[in-house]
**Student:** 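What follows is a structure written as structure tokens; I'll ask about it next.
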Amino acid sequence: GSPGEYRVSLEVQGSDDWQLRVGDSPAKPGALPLQKGWNPILVDIRKRTGGELKVQLSSDHPHFLSTLLSSAVAPDTEATN
């Protein structure tokens, strides 16, 4: 299936001050507007609340998540998969 067929959401733990963008547009974490192809997702963590920082995608069709490729980059660090 294509990204538009499935509900994909994002959860952030360890911060209560963050913003989310998909492509060039602000997005709500409960329903990411993914399109077929490459979807740059930016999670701008502005303030940590303590504890481990965790960013997680979830979907109403978990098998769809296994088809996604991802890479995370923190400021001033190298990419990690």
**Student:** Of the non-hydrogen atoms in I45 and S15, which two are nearest, and what is the gap between them?
**Tutor:**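 Smallest interatomic distance, heavy atoms only, reads CG2-OG, 3.7 Å.
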**Student:** Sorted by first residue and then second, give each ring-ring contact (aromatic ring centres under 6.0 Å, His included) pair with at least one member in residues 44-63; sequence neighbours left out.
**Tutor:**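 As it turns out, the ring-ring contact (aromatic ring centres under 6.0 Å, His included) pairs with a partner in residues 44-63, which skip direct neighbours, are Y6-H61, Y6-H63, H61-H63.
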**Student:** Are V12 and L42 connected in a single hydrophobic cluster, I mean Ile/Leu/Val/Met/Phe/Trp/Tyr linked by side-chain heavy atoms less than 4.5 Å apart?
**Tutor:**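 Hydrophobic grouping puts L42 apart from V12.
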**Student:** Drop me the distance from F64's CZ to L34's CG, to the nearest 0.5 angstrom.
**Tutor:**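 That separation rounds to 6.0 Å.
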**Student:** Could you grab the distance from atom OG of S59 to atom CG of L32, nearest 0.5 Å is fine?
**Tutor:**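 Those atoms lie 10.0 Å apart.
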**Student:** For residues G30 and R7, report the shortest heavy-atom separation together with the two atoms involved.
**Tutor:**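 Between these two residues, the closest heavy atoms are O-NH2, 2.8 Å.
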**Student:** Would you say the side chain of P29 lies within less than 4.5 Å of the side chain of S9, judging by non-hydrogen atoms?
**Tutor:**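 No - every pair of side-chain heavy atoms lies 4.5 Å or more apart.
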**Student:** Taking all heavy atoms of P33 and all of N39, pick out the closest pair and write down the distance.
**Tutor:**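 Looking at all heavy atoms of both residues, the closest pair is O-OD1, 4.3 Å.
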**Student:** What distance do S70 atom OG and I41 atom CD1 have between them, rounded to the nearest 0.5 Å?
**Tutor:**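 Between atom OG of S70 and atom CD1 of I41 there are 9.0 Å.
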**Student:** Begin from the C-alpha positions of L53 and W18 and carry the test side-chain contact (heavy atoms from CB on, under 4.5 Å) through to its verdict.
**Tutor:** CA-CA 12 Å; L53 179 63; W18 56 278; over 6 Å; no
**Student:** Applying salt bridge (charged side-chain N to carboxylate O under 4.0 Å, His left out), which residue pairs with at least one partner in residues 11-28 are found, sequence neighbours left out?
**Tutor:**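 Found none.
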**Student:** Can you pull the salt bridge (charged side-chain N to carboxylate O under 4.0 Å, His left out) pairs that have at least one residue in residues 43-66, sequence neighbours excluded?
**Tutor:**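 Matches after skipping sequence neighbours: D44-R46.
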